[in-house]
Amino acid sequence: MDELGIFGRGIFFNSNYDTWKINRYLFSQAISTLGFNNEAIKRTNESFEELVGYWNSLSNSKLSSNDSNSNSSNNNWFEIDFLPWIKKFTSDIISVLATGEHAYSMASYYNKCNSIDSIENSCHDDPTLNYSDKFIQGIITLIKGMIIFQIFNPFLRHHLPLIKDKANNVLENRNFIFKTLDDIIKKRKLEIANNPQKLKSKHDLLTYLLTTNHEDKMSINDEVIRSILLDAFLAGFDTTSNLLCYIIYYICHNPHVKQKMFDEIDSVFPTDISYVTADILAKLKYCEAIIKETSRMMPVTAVSKRVAATKCEVAGYIWPAKTVFHLNYASIHMNEKHWENPNVYDPDRYYLKNDFNEVENDFDVESKKSIHNMDKYSLVIFGGGIRICPGKKFAMISMLSFMALMFRKYDIELVDMQAPLNTYTTFITMCLELKIKIKPRKS
Ligand code: HEM
């Protein structure tokens with residue numbers, strides 16, 4: 001796996017304790033500042049407005065095409081292939097929060113869905129658009145391609161024709177990603193040198209890493225910064241986008257949950273405000289329960305691993321050092337010892353028992369306080385211990401913001417209620433398809 005140049009670096013794939021500790025500390029500090037969290041909310045609001053613009057434009061062009069079979073003529077429902085849109089949406093947000101640079105993935109995807117002639121929005125003319133989208137596509141190819149480096153040994157990768165081509169393709173793609181990130185880092189360094197005042201308003205991860213006065217500053221060279229940025233992309237956008245797909249699938253199959261969610265969202269938005277704020281998010285306790293319950297039923301990370309550092313006792317057995325333990329989160333989430341009727345989708349199992357005032361403004365789904373009398377590790381959405389997901393608060397803010405904006409604006413249904421969830425599991429469980437139809441709830 002070293003051949004990929006990712007392992008032993010950054011955070012996620014790093015098993016060198018000393019460098020992992022510094023990288024994780026810097027990453028966590030950067031993404032837990034108030035400035036970063038407010039920026040995350042602001043960028044989600046902006047990106048959602050952009051998304052609505054594209055959907056409106058596509059739905060209007062369907063209407064005006066006068067096609068009698070048009071989806072949009074069906075009681076104002078508009079059909080959407082949700083999966084690519086949500087991936088582009090989350091990658092645009094991660095890009096701007098990690099690097100301070102726009103990825104324009106949604107704009108690029110809109111161009112593919114629509115003819116270039118009908119483009120009205122000026123950002124579509126940006127010459128960097130295709131290049132930026134290529135970067136996000138490259139990240140997706142890298143995530144998918146990692147499996148080749150995990151299951152085929154170097155001999156097969158270098159000599160077996162089909163496998164060799166695939167491995168080379170992933171490596172070329174990796175080179176492109178590294179170069180793009182290196183260029184962005186160089187450019188930002190120049191900006192900092194030329195105009196340090198201008199950067200005061202920037203809250204992205206890259207600017208933080210370049211300007212922080214950490215005692216280990218010497219060890220944070222450009223390669224380290226690149227690996228931390230890459231982690232934000234690798235761990236950040238596919239996780240939240242898949243979970244949002246699962247949330248939609250489950251609420252559509254449970255209309256009473258959907259209605260209760262609409263009621264909560266309607267009750268927390270002041271009438272004159274159509275964007276989310278930190279205060280609004282802190283009130284969305286039922287939406288938070290939906291995120292927990294969906295993660296219980298369909299965890300994005302179904303399995304994790306730990307290696308015993310020393311000889312240890314687990315479940316009454318003695319295990320030698322270096323034993324690899326596979327932690328089966330998906331199975332823990334269905335264990336009847338911890339969950340009553342585990343096969344029933346029921347966000348109320350958290351909501352009713354919560355004393356939500358205690359965890360006000362917390363978003364800490366692992367908090368023991370948030371689930372009455374519950375074993376802390378019976379719900380393992382973000383892992384646990386010292387390698388617990390450092391992006392969990394940001395992930396919760398992103399998902400709650402999207403839910404609030406999306407479901408305040410649109411009613412939603414699945415195109416095919418009979419279709420089972422189509423998923424594929426590697427490092428994470430990915431949704432492979434989700435066709436939905438939407439209809440405006442409020443103007
Ligand atoms: C729904 C969204 C997410 C889920 C379900 C999720 C889940 C997880 C899980 C289960 C782990 C492994 C923890 C363990 O082994 O105990 C992890 C690690 C990690 N996550 Fe997340 N994550 C999400 C979003 C994010 C976001 C948005 C970011 C960053 C922007 C992020 C960054 C990371 C990093 C860097 C690690 C590696 C931590 C380490 O090894 O020390 N995650 N995540």
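In what follows, residues are counted from 1 in the order of the sequence shown. What you see is a predicted model, and the numbers here were worked out from it, not measured in a lab. Scope of the values below: all heavy atoms of this structure, side chains included, with no hydrogens, waters or symmetry mates. One-based numbering, in listed order, for ligands and for the atoms of each.
Using 4.0 Å as the threshold, F13 has no heavy atom nearer than that to any atom of ligand 1.
Aromatic ring pairs are classed by plane angle as parallel below 30°, tilted from 30° to 60° and perpendicular above 60°; the pair Y345 and Y250 is parallel. Between H253 and Y249, the ring planes lie tilted relative to each other; the angle falls in the 30° to 60° range. Using cut-offs of 30° and 60° for the angle between ring planes, the Y54 and Y110 rings count as parallel.
Listed by number with element, the atoms of ligand 1 under 4.0 Å from a non-hydrogen atom of G384 are 16 (O). With ligand atoms numbered from 1 in the order given, ligand 1 contributes 16 (O) to contacts under 4.0 Å with heavy atoms of Y329. Less than 4.0 angstrom separates some heavy atom of I381 from each of these atoms of ligand 1: 5 (C), 7 (C), 10 (C). Ligand-side atoms of ligand 1 in range of M399: 1 (C), range being under 4.0 angstrom from any heavy atom. Below 4.0 Å from some heavy atom of L243 lie the following atoms of ligand 1, by number and element: 1 (C). Atoms of ligand 1 found under 4.0 Å from any heavy atom of S304 (numbered from 1 in listed order, with element): 14 (C), 15 (O). Counting the atoms of ligand 1 from 1 in the order shown, those under 4.0 Å from a heavy atom of F394 are 27 (C), 30 (C).
Between W20 and Y17, the distance from one ring center to the other falls under 6.0 angstrom. Taking the six-membered ring for Trp and the full ring otherwise, F12 and F427 have centroids separated by 6.0 Å or more.
For the pair I177/L181, a side-chain contact is recorded, criterion being any heavy-atom separation below 4.5 Å from C-beta on. Under the 4.5 Å side-chain criterion, counting only non-hydrogen atoms from C-beta, L230 is in contact with F178.
In this structure D411 satisfies the side chain to side chain donor-acceptor pair (under 3.5 Å) test together with K258, sequence neighbours excluded.
Contacts with ligand 1 closer than 4.0 Å are made by no heavy atom of F237, backbone or side chain. Contact annotation: for R306 versus ligand 1, heavy atoms closer than 4.0 Å belong to the side chain alone. Contact annotation: for R24 versus ligand 1, heavy atoms closer than 4.0 Å belong to the side chain alone.
Ordered by chain and number, C389 SG make up the set of protein N, O or S atoms under 2.8 Å of atom 21 (Fe) of ligand 1.
No donor-acceptor pair closer than 3.5 Å links the side chain of E413 to the backbone N or O of K437. For R9 (side chain) and R226 (main-chain N/O), no donor-acceptor pair under 3.5 Å exists by modelled atom type. Side-chain N or O atoms of T294 include none that pairs as donor or acceptor with a backbone N or O of I291 at under 3.5 Å. Distance alone, capped at 3.5 Å, is enough to place a donor-acceptor pair between the N173 side chain and the G138 backbone.
Residue W20 has at least one nitrogen or oxygen atom sitting less than 3.5 Å from a nitrogen or oxygen atom of ligand 1, judged on distance alone.
The protein non-hydrogen atom at the shortest distance from atom 12 (C) of ligand 1 is R387 O, 4.1 Å. Among all protein heavy atoms, the one lying closest to atom 29 (C) of ligand 1 is F27 CZ, 3.6 Å.
A donor atom on one side chain and an acceptor atom on the other are found under 3.5 Å apart for N14 and T19.
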